[in-house]
Structures are given as C-alpha cells and as structure tokens.
Number of protein chains: 2
Amino acid sequence: MSKKTPSGSTQAVVLDLGAVIATVADDDPRVLLVNAEDTDSRPRLPSGPFDPDSDRTMEEGLRRWIAEQTGLTVGFVEQLYTFGDRFRDPDNRAGGPRSISVGYVALIRQSAAKRPAGSDWFDWYRLFPWEDWRHGRPALLDEILKPKIGSWIDGAEDAKAKRARRGRSDIAFGFSDVGWDADRVLERYELLYEAGLVAETVTDGRIKTGQGQSDAHAWTGLPLHQDHRRILATALGRLRGKIRYRPVIFEVMPIAFTLLQLQRAVEALAGAPLHKQNFRRLVAAEGLVEPTGRVSSETGGRPAELFRFRPDVVRERPAPGVRMPRGRRAK
Amino acid sequence: MSKKTPSGSTQAVVLDLGAVIATVADDDPRVLLVNAEDTDSRPRLPSGPFDPDSDRTMEEGLRRWIAEQTGLTVGFVEQLYTFGDRFRDPDNRAGGPRSISVGYVALIRQSAAKRPAGSDWFDWYRLFPWEDWRHGRPALLDEILKPKIGSWIDGAEDAKAKRARRGRSDIAFGFSDVGWDADRVLERYELLYEAGLVAETVTDGRIKTGQGQSDAHAWTGLPLHQDHRRILATALGRLRGKIRYRPVIFEVMPIAFTLLQLQRAVEALAGAPLHKQNFRRLVAAEGLVEPTGRVSSETGGRPAELFRFRPDVVRERPAPGVRMPRGRRAK
DNA sequence: TCCCCATATGCTCAAATTAAGTATAAGTAT
DNA sequence: ATACTTATACTTAATTTGAGCATATGGGGA
C-alpha cells in the first residue's frame with residue numbers, strides 16, 4: 001500500500017461550489033436559477049469559485065460568493081454531494097480539466113429571498129412535475145411516463161436486462177405493489193435520464209438525434225444546464241428526508257406563522273398532502289412550535305393563531321422534525 | 001451575477017479519494033486503517049488519487065485504487081462528504097495547495113475482508129469508545145467525559161457562551177432530558193475536538209502544550225492521522241442512519257446467516273443492544289430475509305436456522321431496513 | 001341582526017405498531 | 001439424565017397513527 005497520501009502532481013481538475021438555494025413562497029417550493037443567456041442556453045444553478053487562499057472552509061467560501069453574487073444571506077447550509085463524472089459537462093468531452101462541483105443546499109426565508117438581477121425563483125415542480133402529489137397522483141405519471149418507461153423496459157437487450165429495468169422502475173416509481181417513496185427523487189430522475197425521457201438526454205448524446213422530443217419539457221420539466229437538474233434532484237430528495245427528523249422547515253418560514261402555513265410549507269417540499277388535524281397534533285406533541293399570542297385574520301375564516309419555532313425542541317427530543325406517513329396513501 | 005461558471009485559473013487544490021472501508025467481524029465493527037509508519041505517526045485511512053484522465057467517475061476511481069492498493073473488492077460504496085477545511089492537514093498551515101478529500105464509505109463482507117499488507121482491521125470502538133452502548137451506557141461517559149465537558153462549559157467566556165456550550169453538549173451527548181441519539185456521532189466528535197478532549201486537538205495547535213494529555217487515547221480513543229477520525233465519525237453516523245431504511249447491513253453479512261448473527265451485526269454498527277424476539281419479528285415482518293432451509297449448529301445451543309437476504313424486499317417496501325428504537329432506552 | 005360560509009381547533013376512536021415480557025423447543029456439554 | 005445454551009412462538013399492554021366528527025370564531029351579505 002502507498003505510504004503517503006498521494007499528494008500527486010497537480011491534477012487537471014477545476015473545483016467550484018454549486019448551490020441549490022431554496023425557499024417556499026406562496027405555498028410552493030422555489031429554487032434560485034440563473035437565467036439563460038440566450039435562447040439556445042438553459043437556466044443554471046448559481047455557482048462560484050472556491051478560493052483556497054481566502055476561504056478557510058468550503059462552506060465559508062460558499063456563503064461568501066452567494067453574498068457577493070446574489071446579495072442574499074442564506075441561513076441553513078448543508079453539503080450535498082460532490083459531482084465529478086466525466087460527462088457532466090457535455091462540452092468537456094475529451095481532455096481538458098475535469099470540472100468538479102461540490103454541491104450545497106441552502107435555505108432562505110421568503111422574506112429574505114429577494115430576486116437577484118439575472119436570476120429568478122423557479123417553482124421546483126416545473127422542473128420535476130412528477131414529484132408533486134399534493135393534489136393527488138400526477139396525471140402525467142400514468143398518461144405519459146408509465147407507457148414510455150414501459151417501452152424503455154421492453155427495449156432492453158434480453159430478458160434479464162428487462163427484468164432489471166422493470167425492477168428499477170418499480171422501485172423508483174412504485175409501479176408494482178411498492179408505494180411511492182417521495183424521497184427517491186434522484187432514482188427517478190436517473191431512470192428517466194437513462195431512458196432518454198428527459199430533455200438533457202438529447203444534448204448529452206445518449207440519443208442520437210431528434211426523436212420528436214422537442215416537446216420534452218412539457219412532460220419532463222424544464223431542462224437545465226449540464227447536470228444541474230440531477231443536482232436539484234439530489235437536493236430535493238435530501239430535503240424531503242431531512243424535514244422528517246430535523247427542524248429545517250423553519251429555515252424557510254417567517255418568524256411567526258400559522259399552523260396551516262407551516263403545513264403548506266411542509267407539503268410543498270414533501271410533495272404530498274397532509275391530514276390537517278393530525279399535522280397540528282403532531283407539531284404540538286413534538287413541541288416544535290409555541291404560540292406567540294397573536295393571531296392572523298388573513299385567511300377569511302376564523303383567525304389562526306400565530307406560532308413561532310421553539311428552538312428548545314432540539315434539546316428535548318433526539319430527532320425533532322415533521323413526522324409524516326411515508327408513501328402510505330401512495331398507490 | 002457571473003454569467004459563466006467560473007472556470008477559473010488553475011486552483012491550488014489537490015483532490016484525493018478517501019475510503020472508510022468497513023465490515024463486521026466477530027460481532028464487532030471494523031474499519032481498515034493503514035498502519036503508522038513509525039512511532040511518531042498515526043494510523044490513517046486508506047486513500048488514493050483521482051485521475052481525471054482514466055476515471056470516468058469518482059466512484060470508479062475509488063474502486064480502482066482500492067483494488068490496486070489493497071486487493072479488496074468492495075461491494076456497497078457511497079459518497080460521504082467532501083472535506084476541504086484549511087487545517088485538515090496540520091502540516092499545511094500556510095500556503096501550498098489545499099488538500100481536498102472526497103470521502104466514501106465502502107462495505108465489504110468479512111469473508112472477503114482479507115488483511116492487506118501494511119494495513120489492519122481496527123475495532124471501530126477503539127476509536128470512539130463512547131459510542132458503544134451495547135453493554136449499557138459506557139462508564140467512560142460519566143466518569144471522564146461528562147466532568148471534562150463540564151469544565152469546558154464552565155471555561156466559556158460569558159454566560160451566553162456557556163449556555164450555548166451546555167446546549168450543544170446536552171444535544172450531542174443527551175445529558176439533560178434528551179436521550180442519547182446514536183446517529184449524532186459527528187456532533188459528539190466535533191464537540192470533543194473543540195473542547196480539547198481528543199488527542200488530535202493537541203497536534204492541531206488548539207491547545208498550547210502538554211496538559212498532561214499523553215494518556216488521552218485511553219479515554220478518547222486511538223488518534224488518527226489528520227482529520228481522519230472526523231471522517232470516520234461522519235461515516236459511522238451515516239451508516240447508523242442508513243441501516244434503518246436501506247438493507248445495507250447485508251453488505252457485511254455472509255450469504256447465509258442466523259438471525260442472531262444478523263442482530264449482532266446490526267448492534268455492532270448501531271452501538272446499541274436490541275430486543276431479540278422483537279428483532280426477529282421485525283426482520284420477518286419486513287420481509288428482509290428468507291429461510292435457506294439449512295441450520296447452523298455452531299452456537300452451542302439449539303441450532304439456528306440459516307437465512308439469506310431477500311432482495312425482492314426493495315421491490316415491496318418503500319424503505320426496507322432494520323427499524324430500531326431511537327434513543328429510547330437511552331438515559 | 002342573523003344566518004351562512006370559511007377556516008381553525010379540539011376531541012374521539014379504531015387500527016396498527018411497538019416494547020417487553022413469558023413460555024416452549026431443540027440442541028450441546030457434563 | 002441433567003444442566004445449560006440458544007432458538008423460536010406467543011401474549012399483552014402501551015403507544016402511535018390515520019381518519020373522521022364536532023365545535024369555535026371570525027367575516028360577509030340577506
């Protein structure tokens with residue numbers, strides 16, 4: 001075995017820090033994207049350099065360039081994943097330095113989420129329409145994706161490969177007896193990518209040429225630059241998992257909020273409807289919130305009490321978060 | 001906002017792939033460490049270069065060098081975290097290229113886990129003695145760590161800082177009403193590090209000079225090279241979380257095993273004892289295993305039936321894994 | 001003013017899950 | 001044979017969950 005960490009000759013890698021900056025606004029999940037420069041290009045995730053000379057840690061560097069580039073001050077920040085596949089940048093097919101991106105998720109309150117010049121807050125589900133089950137199972141799934149995935153399965157080399165593909169899609173999309181697992185966002189995106197069902201596939205050369213997929217993003221969502229949609233899928237899956245056992249949802253809430261607002265925010269990220277009375281019982285029982293004493297009459301009906309996050313909860317419960325039924329109502 | 005991904009001038013970064021290669025042997029969790037070269041140095045995690053020219057993906061590169069360096073073929077591999085703090089390499093204090101390490105966890109079955117030359121399989125809990133609750137709450141916690149953490153709390157600047165420290169240690173170690181949360185391995189290690197209670201702290205210059213801490217690893221575990229113990233803490237926390245909802249435990253099991261062996265393996269990673277009858281009911285109910293028909297008489301008592309993993313479970317349940325009480329018996 | 005509507009909030013109840021026993025079976029060692 | 005070890009089946013009470021019903025409290029219009 002090698003004795004020293006291979007400190008190697010300088011490698012041909014370029015490292016940057018990518019950010020999925022997310023919030024919830026008007027009961028919908030939003031993500032900050034840098035607008036396409038022209039009609040041929042696509043929106044992209046904001047990203048910035050990592051400067052080893054001035055940034056003590058990568059997270060510090062990330063916060064620095066987010067502030068510089070967008071003027072935003074983000075709260076919660078968590079490292080997501082480091083993306084380094086060769087073809088993540090389709091232009092960089094042969095030679096050239098490998099582009100490595102350390103991806104982060106950052107959360108910000110709607111009130112602090114101004115719109116930086118050149119960027120926009122996009123509805124997350126415009127990028128992943130099949131992930132939004134808040135109003136029931138998306139029609140898109142059965143009407144379009146399921147048959148297309150079916151063809152992909154049938155297109156496999158042999159019976160074994162076919163079985164493997166079927167297994168994968170059953171798991172990812174819950175087509176057989178498994179229910180829908182909201183957390184498997186990445187698996188679903190990856191399957192669609194491999195099956196040539198997302199617009200990116202064309203660019204990336206997996207599909208030769210126009211198969212009449214120009215309407216692709218009508219059903220597979222808005223295509224993004226490079227592998228940025230994959231990064232977003234990773235982020236959404238991670239967030240969905242995380243709200244269940246850490247109180248991260250409050251990072252996107254205003255300081256005072258009604259329980260229904262809180263529920264809508266959770267539903268927005270989770271992509272699933274929740275039972276109102278039980279939700280209320282749950283956050284009360286977990287001790288996640290405390291009343292402020294004030295009420296909000298903006299709803300039309302009976303005024304709702306305003307609550308605030310109760311930070312002490314993390315000192316009382318091992319894994320405080322918004323418990324949710326996992327893929328139960330799914331079918 | 002910048003229009004192009006800052007493809008920047010070549011940065012002074014060196015990237016390598018680090019691996020936490022783990023297994024369970026003799027009912028204890030093990031991790032592969034490269035032996036110290038001399039008495040002054042410390043064991044280290046194996047790591048290898050990332051070669052953008054030959055490795056299509058980082059995971060591929062990882063598997064390649066693991067095979068080359070150790071002769072091992074690992075099964076399950078998952079990216080953990082990318083470590084890039086300035087002082088992760090204490091020798092690299094000023095200038096010089098920043099050392100960035102993309103950390104992975106890899107699991108391997110005991111049967112495949114030969115001992116590579118120059119390396120050894122270490123008991124994970126030699127490195128984190130306070131994490132092993134299989135035989136009850138570790139005495140070390142109350143006898144040594146709690147008072148020392150207490151002094152650290154008292155040593156805070158002002159009342160506010162003191163409260164913050166107390167809050168953190170309550171959460172991490174479950175000192176107040178919160179129970180022990182087995183998953184918070186990293187938080188605990190980080191607190192001990194900041195409190196100057198692990199041997200690494202001395203080297204890293206946070207503590208001026210010998211405070212009679214030469215016996216440190218009697219109570220804080222075997223110190224490792226650079227920030228490798230932090231990487232291990234990250235890995236252990238991640239694995240503990242993961243076994244609960246993905247069947248990763250079977251990656252370290254032999255093909256056929258008894259239910260008690262399986263339970264011991266889970267306990268080894270989880271660091272907590274489990275109720276035998278319930279464990280058995282649970283794996284049966286989840287459909288995680290199926291009988292092989294054979295029995296094992298190696299236990300001394302009644303021969304146990306041999307089971308094998310039932311891969312179909314992932315097609316049937318949304319999140320198949322070994323459910324466990326979370327910090328319930330903790331106190 | 002009073003009724004209707006909308007939302008908020010409190011409460012009930014059955015089903016499912018969980019934690020923790022007790023009892024029994026089937027081997028090995030002495 | 002007897003003691004001892006481990007395996008496995010079954011019971012029970014407590015807790016958690018999913019879902020619905022009932023009541024409260026505001027605004028707006030007849």
Side-chain angles (χ1 to χ4, degrees), chain A residues 27 133 136 179 244-245 256-267 270 272-307 317-331, chain B residues 27 133 136 179 244-245 256-267 270 272-307 317-331:
Chain A
D27 298 342
W133 286 56
R244 233 176 284 117
Y245 63 94
F257 47 81
T258 70
L259 291 182
L260 188 57
Q261 281 170 351
L262 181 64
Q263 180 181 344
R264 294 286 177 242
V266 172
E267 290 174 332
L274 296 174
H275 184 279
K276 193 166 169 178
Q277 295 92 321
N278 290 348
F279 178 82
R280 145 183 315 276
R281 176 182 57 185
L282 195 146
V283 293
E286 293 264 300
L288 286 167
V289 298
E290 61 192 1
T292 62
R294 291 177 296 138
V295 293
S296 153
S297 325
E298 298 179 5
T299 49
R302 166 174 173 178
E305 194 167 2
L306 284 167
F307 290 82
R317 310 209 131 233
V322 184
R323 297 280 133 59
M324 283 177 293
R326 262 188 90 105
R328 187 58 82 86
R329 62 166 52 265
K331 211 35 195 298
Chain B
D27 297 341
W133 287 55
R244 231 175 286 117
Y245 63 97
F257 47 82
T258 70
L259 291 183
L260 187 57
Q261 281 170 352
L262 181 65
Q263 181 181 343
R264 294 287 177 241
V266 173
E267 289 174 333
L274 297 173
H275 185 279
K276 193 165 169 177
Q277 295 91 321
N278 290 348
F279 178 83
R280 144 184 317 276
R281 179 188 51 188
L282 194 146
V283 294
E286 292 265 299
L288 287 167
V289 297
E290 62 192 0
T292 61
R294 291 177 297 139
V295 294
S296 153
S297 325
E298 297 177 6
T299 49
R302 168 175 169 178
E305 195 167 0
L306 283 166
F307 290 82
R317 310 209 130 233
V322 184
R323 297 280 133 61
M324 283 176 293
R326 262 188 90 108
R328 188 60 82 84
R329 62 166 53 264
K331 213 26 189 306

With a 4.5 Å limit on heavy-atom distance, are the side chains of [X] and [Y] in contact?
X      : Y      : result
B/T258 : B/F307 : no
B/E286 : B/V283 : no
A/V322 : A/L262 : no
A/L306 : A/V295 : no
A/F279 : A/L260 : no

Problem set entry | Distance (rounded to the nearest 0.5 Å) between A/E267 CD and A/L274 CG | 4.5 Å
For this session: Output the distance between atom CZ (B/R280) and atom CG (B/L259), rounded to the nearest 0.5 Å.
Result: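 The CG atom of B/L259 is 4.5 Å from CZ of B/R280, to the nearest 0.5 Å.
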Rounding to an integer number of Å, can you tell me how far [X] [atom1] sits from [N] [atom2]?
X      : N      : atom1 : atom2 : value
B/H275 : D/dA13 : NE2   : C1'   : 13 Å
B/R244 : C/dT18 : CZ    : C1'   : 15 Å
B/L260 : C/dG27 : CG    : P     : 17 Å
A/L306 : C/dT9  : CG    : P     : 9 Å
B/L259 : D/dA7  : CG    : P     : 9 Å
A/R302 : C/dA8  : CZ    : C1'   : 5 Å
B/R323 : C/dT18 : CZ    : P     : 8 Å
B/Q263 : D/dA7  : CD    : C1'   : 12 Å

Exercise. Do B/Q277 and C/dT22 have a side chain to base donor-acceptor pair shorter than 3.5 Å?
Worked result: yes
Seminar exercise, completed: Re C/dA23: Watson-Crick or G-U wobble partner, both distances kept under 3.5 Å, found to be D/dT8
Problem set entry | Under-4.0 Å side-chain N/O to phosphate OP1/OP2 contact, A/K276 with C/dA8 |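 Answer yes for this pair, as a side-chain N or O of A/K276 is under 4.0 Å from OP1 or OP2.
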For this session: Please list residues of residues 279-291 of chain B whose heavy atoms come under 4.0 Å from any atom in DNA chain D, ordered by number; otherwise none.
Result: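 Nucleic-acid contacts, sorted: B/R280.
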For this session: Would you mind telling me which residue lines up with the more 5' stretch of DNA chain D, B/Q261 or B/N278, judged by nearest nucleotide?
Result: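 Between the two, 5'-proximity favours B/Q261.
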Exercise. When you measure from the side chain of A/P303, which nucleotide among D/dT8, D/dT25, C/dA26 comes out closest?
Worked result: D/dT25
